[in-house]
Amino acid sequence: MKIDLKLPSEEEIRKKNKEIVKKASSPKRVPSSISADKKRAGIEKKLFSILEELKDELIDSEGKFAVINDAEGLRDYLQKAEEAGVMAIDTETTGLDPMIDRVVGLCLYTPGERAVYVSVNHTDIDGNRLPGQLEMKDIAEALKAIGKLKLVFHNAKFDLRMMKHSGLIESYVDPFWDTYIAANLLNENELHGLKVLWNSYCNEGKGKVAAYDDLFEKIPFNYIPIEKGYIYGAKDALMTYELYSFQRKYLDPESDVCKSRNLRDAALLYRDVELPLIRIIAEMEDEGIYVDKDYAEKLEEEYNGKLKEAQEGVYDEIAKLQIGELPEELFKKLGNPINLNSPTQLAILLYDALKLESPDRKMPRGTGEKILKHYIEKNIHRDFFRAIMEYRKIKKLMTTYITKIPALVRQDTGKLHYNFNQYGARTGRFSSKNPNMQNIPAKNEDIRKMFVAEDGKVFICADYSQQEPRILAHVSKDKNLVRAYQEGKDIYSWVVSLLYGRPYEECLEGFSEEAAKRRYMIKQVILGIMYGRGVASVAEELKISKQEAQGIIDLFFSTFNSVEKTIKDYIYMAKTMGYVSTVYGRKRRLPEISFSDYEFYTLQGGQVNPAVANYYLSLLNRAAWDEKEMIIEQARQDHKIRIVDNTGIVAYAKRQCLNSVIQGTAADITKRAMVLIGNDKRLKKLGYKMLLQVHDEIIGTCREEVWEEAADIIVELMISAADGLIVPMEVDTIAVKRWYGEEIERRGKRCETGN
DNA sequence: AAGCAGAGCGCG
DNA sequence: AAAGCGCGCTCTGCTT
C-alpha cells in the first residue's frame, strides 16, 4: 500500500544529494537551520568584496568578449563555428559534481569570432533564476548541432557530463581535442589546470591569469553577475583554444614537429585510444553501481560490534602493560584514554613509556604494520600488538568502506557514481575517487558483497592473467620467458625449473611443498625486479639472508640475461633521451635520472672550489651509507660547503624506468580494450555496460541469460587489445550476482577462475 | 574553519 | 637511502 504519494522535487533531491555527499566526505556536522541564513549572508558579503576587488580584473577593454542572450545569436555562432571547423567549449557550473550541480553558463570560442558567454542558470542570492537568459529548451535545441562540430575541451568528460545532466545535450559526443588529456601525454610531470598551462605556454607577458578559487574564492558561479562573469567565462574558452593551438603540432601524427620529437605513436594513442575513451568513461560513471543498503546496514552493525570488541581488547592489553614514568610534557600529549588512532600517542607509548627501540632505523618512532609484526615475532608485548593490528584492520574497513560507501549512494538513481580519472597516474594508469573503486578490499569477502548487480543481471569480471609479467617477457624479448607463455606454461614454475635444472612438472605449485615455496620465492623476485626492488628488500620479504637473496637474483639475471639488459637499456634511454616509452608510444619523462649524484654549494649558494668538491665527492663515493651524513656535516663545518645528496632521487628514477614501461604498457592495453568494448556493436546489442576498471580488470554488467556470449566477446576484444605483443594474453572471466559472490557456472562446463 | 603533511593502509 | 612501482582515503596534529 502506498501512503506517501508526494515525490521530492528535482531541487529537493539535488539538495539532499549534496547533503549526503557533504556528510560522507566530512563527518563534521553543521546545524542546518542556522547555517542557511548565515551562509546566505556570507555569500552576499563575500560577493560584494570580491566584485569590488575585481573591478579592474573583469573588464573587457579590448572588446574581445560578448554575451549571447537570444536563441538566434547562439544558432548563428554555432553556424560560424561549423564553417570554421573547430570550436572551444567550456562550462561554468555551480560546483564540481555533474550529478548534483548544474551548468551556469556556456563559454564558446571559434577563430574569427569573439569568445562568447551564454548564460544559462545565473540566479539571485536566493537561488531564483534571473530573467533575461535563454530558455533551457532553446539552448538544448541549438546545441543539437553540436555533433557537427569539432569540439575542443579542457577536461571534456566534466563538461560533457555537466551539459548532459543539466539537460543541454541528449547524448555524448566524442571530443575532437582535450587539452587536459593532451597535456598529460605531452608532459606528465606538471600541473594540468587550464590557467596554469595557459600561463606556461600561451601567455606572452600579459600577466598571469588567476584560477577560479583565487578570483571567486568559494562562491558558486551562479551568484556572479552575468555582466562581470561573462568575461571570466568567455576567456576560459579562448584560453582552451589557444592551448589547443599550442598543443596540436605535437600530437598531430602528420606534423613534422610531432615526428621529429618522436611523438607519432603518442599522437596515435591520443587520437585512437585516449580521445574515444572519454565518452566511454562518462557513460560508465553515469551508469554507476548498485549498493545493497540492507546488507550494508547489517554489515555495519556486525563490524560495529567487532570494532568495539577490538577496541576493548586493546585497552585491556594496555592495562596489563608495565608502563614506566613519563615526563610531564609527554604525559600531556598522551590522551586519556589514549587515542588508538593516533600514531603520535602510540609512539609515546612504545618508545617513551615502554622504552622499545624501533627495528627500522629510518622510522625510529614508527608504529606501522611492519614494526608491529617485528615485535610480535620477537614476542615483545605480543598480545598488545596483535590487538592493535586487529583494531586497525577493522577500523580501516569500517571508516573507509562500510560506512562510507552506502553514504555515497545517490537518492535519485539509488546507485553509487564514482569518478574515474583517465590519466590519474603519470604512467598512464587510471585512478578513481569518491570513492576509490580500485582499492575495495579483495580478500575480505564481506565488503565487495555490498555491490550487487541489477535484478536479472550479473557482473562480468574480466581480468588479464599476469598482465605485467607478460609485458616483461615482451619488452625483454627473453626467449625463455616468451616461450613459456607461448606454450601456456605456469611462468613461475617454468622459471624455477630453468634456474634449478629440475623437470617443469616437479616445479608446479601442487607437486611438493618445496616446489610451492620455490615458486612463491621466484614470483616475489620477478615482481620485485619489475618494481626495481633491491637485494636487501627481497631478503627481508622472503625472510632469507642477503647472500641468499643475492644468489637467487644473480641466478635469475644470468639465466634470463635479456631482462637485465633491458633494464640497462631503459636506464640508458632515459639518460640519453630523457624518457622511456611504452610499447604503444606513451612516454614517461624522467629528467631526474640525469641529476649529478651530489651538488656542491657555498653556504651563500655560490660555486665551490672544484678541488674541494672533488675531495668530498670521492669521499662520498667511497663512504658507506651511514657515513654520508657525517661527511656532509663535516663539509659544512670545515669548509662551509652545502652538499645536496641526489643519489636517492637518481636511484628512484632508475627504478621507475622498467616499471614505467611495464605499468604504462599495461595501462595502454587495458585502455585499448575499453575502447574496443565500449564501441562494440554486439555488446551493445546484448545490453552490456561497462562499470569499473581496476587496472588489469574490466567489470561490466548484462542480463544473466546472455553473459556467456558477452564474456566471449569481451575476452576476444581484451586479447586483441594486446595486438603487437609477441606473447599471448590470457583473460579470465567470471559472472557473479555480487562483486565477491558465488560464481555462476557456465552452461556445460565449469568456468575457469583466475587467482 | 579550512588546508596541509605525515603516517598508515586498502588495491593492482 | 625517496632501500619497492602506481594510486586515494582516513586520521591526527599542526598552521593559517
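Throughout, a chain's letter reflects where its sequence line sits, starting with A, and its residues are numbered from 1.
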Regarding A:N339, tell me which of base, sugar-phosphate or nothing describes its non-hydrogen contacts under 4.0 Å with the strands shown. sugar-phosphate

Applying a 3.5 angstrom cut-off to the pairing atoms, does DNA chain C sit in any stems of at least three consecutive Watson-Crick or G-U pairs? List them by first number. B:1-12 with C:5-16

Could A:K306 and A:Y303 be counted as a cation-pi pair, given that NZ or CZ must be under 6.0 Å from the ring centre and within 45° of the axis? yes

Is it the case that the base of C:dG6 and the side chain of A:R429 share a donor-acceptor contact (distance under 3.5 Å, atom types as modelled)? yes

Any Lys/Arg nitrogen of A:K565 or A:D478 sitting under 4.0 Å from an Asp/Glu carboxylate oxygen of the other? no

Would you indicate what A:E369 reaches in the nucleic acid, counting non-hydrogen atoms under 4.0 angstrom: base, sugar-phosphate, or nothing? sugar-phosphate

Under 4.0 Å, counting only non-hydrogen atoms across every strand here, what does A:Q345 touch: a base, just sugar-phosphate, or nothing? sugar-phosphate

Here the pair of heavy atoms bringing A:L725 nearest to A:H474 is CA-ND1, 3.4 Å

May I ask you to say what A:K443 touches in the nucleic acid, namely base, sugar-phosphate or nothing, with a heavy-atom cut-off under 4.0 Å? sugar-phosphate

Using a 4.0 Å heavy-atom cut-off, does A:Y401 contact any base of the nucleic acid, only the sugar-phosphate backbone, or nothing at all? sugar-phosphate

Does any donor-acceptor pair link the side chain of A:N439 with the base of B:dG10 at a separation under 3.5 Å? yes

When all nucleic acid strands are considered with a 4.0 Å heavy-atom cut-off, which category describes A:K433: base, sugar-phosphate, or nothing? sugar-phosphate

Categorize A:D645 for me: base, sugar-phosphate, or nothing, with a 4.0 angstrom heavy-atom threshold over every strand shown. sugar-phosphate

Any luck finding a side-chain donor-acceptor pair between A:D446 and A:Y401 under 3.5 Å? no

Which is true for A:I662 with a 4.0 Å heavy-atom rule: it touches a base, it touches only sugar-phosphate, or it touches nothing? nothing

Would you indicate what A:A651 reaches in the nucleic acid, counting non-hydrogen atoms under 4.0 angstrom: base, sugar-phosphate, or nothing? nothing

Mind checking if A:S432 touches a base, just sugar-phosphate, or nothing, with heavy atoms under 4.0 Å? sugar-phosphate

Side chains of A:L277 and A:I181: closer than 4.5 Å at any heavy-atom pair? no

Take atom CZ of A:R426 and atom C1' of C:dC7, then tell me their distance rounded to the nearest Å. 11 Å

Answer with base, sugar-phosphate or nothing: what part of the nucleic acid does A:G534 contact at a heavy-atom distance below 4.0 Å? sugar-phosphate

What is the separation between atom CZ on A:R392 and atom P on C:dT12, rounded to the nearest whole Å? 12 Å

Quick one: label A:M530 by what it contacts on the DNA or RNA (base, sugar-phosphate, nothing), any heavy atom closer than 4.0 Å. nothing

Base, sugar-phosphate alone, or nothing: which one does A:Q656 contact when heavy atoms must sit under 4.0 Å apart? sugar-phosphate

Tell me whether A:F331 at atom CZ has more than 12 heavy atoms from other residues, nucleotides or ligands lying less than 6.0 Å away. no

